[in-house]
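One structure is given here, and the rest of the page talks about it.
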Amino acid sequence: MARIISLEEVKKHRRKSSVWIIIHNDVYDVTNFLTEHPGGEDSLLDVAGKDGSREFEDVGHSDDARELLKKYKIGSLNPEDRISVVLPCSKLKWALLALAGALVVGIVLKKYLGSK
Ligand code: HEM
């Protein structure tokens with residue numbers, strides 16, 4: 001069974017001597033990969049001790065890179081921390097989008113009704 005790792009624990013590993021990164025709710029120890037990473041060690045250090053899923057996807061890593069991930073996996077993020085990390089963000093995003101949409105509709109309606 002995969003080791004369950006808390007966000008608190010991951011946060012402790014953000015220095016060059018020990019670098020852990022969360023990608024899609026799995027935790028990776030990339031300490032020994034820093035100097036080998038084709039994208040440089042700085043890009044890994046930037047997301048050390050936190051979630052690097054978006055950064056990892058933004059680069060458009062190859063299937064080979066995804067395969068390589070397996071080698072460095074040390075466990076999975078505690079489900080409780082997943083909720084606190086992922087859900088509020090996406091909820092907030094949708095709430096903001098809804099608010100922006102309501103504003104636009106409001107402005108359009110006001111203009112339309114006002115011109116009559
Ligand atoms: C354990 C996690 C990671 C692994 C195993 C990994 C692996 C690789 C590999 C194998 C490549 C070569 C190109 C490819 O096959 O896609 C690459 C390129 C690259 N990676 Fe990562 N990567 C990881 C995390 C990250 C993160 C978090 C970033 C943050 C920005 C990043 C940024 C880059 C960049 C910018 C390149 C492009 C280098 C170039 O083509 O000049 N990588 N990575």
Side-chain angles (χ1 to χ4, degrees):
M1 226 179 82
R3 176 180 163 195
I4 301 295
I5 302 170
S6 70
L7 185 60
E8 278 310 304
E9 182 65 27
V10 176
K11 281 182 186 168
K12 291 179 196 160
H13 299 265
R14 54 193 168 84
R15 273 175 273 274
K16 237 176 166 177
S17 52
S18 182
V19 177
W20 291 8
I21 296 175
I22 302 163
I23 297 174
H24 302 314
N25 293 323
D26 284 328
V27 181
Y28 300 90
D29 180 347
V30 292
T31 316
N32 294 327
F33 180 61
L34 287 179
T35 52
E36 287 171 39
H37 183 222
E41 58 177 22
D42 282 347
S43 51
L44 294 179
L45 287 169
D46 278 350
V47 290
K50 48 188 181 180
D51 193 299
S53 309
R54 193 193 299 160
E55 287 80 357
F56 183 81
E57 293 304 339
D58 281 353
V59 170
H61 281 92
S62 67
D63 287 345
D64 282 351
R66 284 164 205 279
E67 194 60 31
L68 199 61
L69 273 179
K70 293 181 189 164
K71 192 174 154 190
Y72 298 99
K73 184 172 164 178
I74 52 167
S76 296
L77 189 64
N78 185 345
E80 275 178 34
D81 291 335
R82 280 180 214 176
I83 292 164
S84 66
V85 171
V86 180
L87 276 184
C89 278
S90 62
K91 269 190 183 161
L92 190 68
K93 196 173 78 185
W94 284 112
L96 284 175
L97 267 175
L99 194 68
L103 262 176
V104 171
V105 171
I107 290 168
V108 170
L109 272 179
K110 202 176 172 206
K111 265 201 157 184
Y112 178 73
L113 294 174
S115 66
K116 279 203 164 177

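Everything numeric in this text was worked out from a predicted model, so none of it was measured. Atoms within a ligand are numbered from 1 in the order they appear, just like the ligands themselves.
Atom CG of D51 sits about 7.0 Å away from atom CG of N25, to the nearest 0.5 Å. Separating the CD1 atom in I4 from the CD atom in E9 is a distance of 13.0 Å, to the nearest 0.5 Å.
For the pair I22/L7, a side-chain contact is recorded, criterion being any heavy-atom separation below 4.5 Å from C-beta on.
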Atom pairs and distances, donor-acceptor, side-chain atoms in residues 69-77, under 3.5 Å, two or more places apart:
unit_1, atom_1, unit_2, atom_2, d
K70, NZ, E67, OE1, 3.4
K70, NZ, E67, OE2, 3.1
K73, NZ, D26, OD1, 3.4
S76, OG, D26, OD1, 3.1

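Using a 4.0 Å heavy-atom criterion, the residues that approach ligand 1 are I23, V30, F33, H37, P38, G39, S43, L44, V47, E55, F56, V59, H61, S62, A65, L69.
Summarising the geometry of S18 relative to T31, their closest heavy-atom pair is CA-OG1, 3.5 Å, with the distance given to 0.1 Å.
Annotation: R66, atom CZ; neighbour count of heavy atoms from other residues, nucleotides and ligands within 6.0 Å is above 12.
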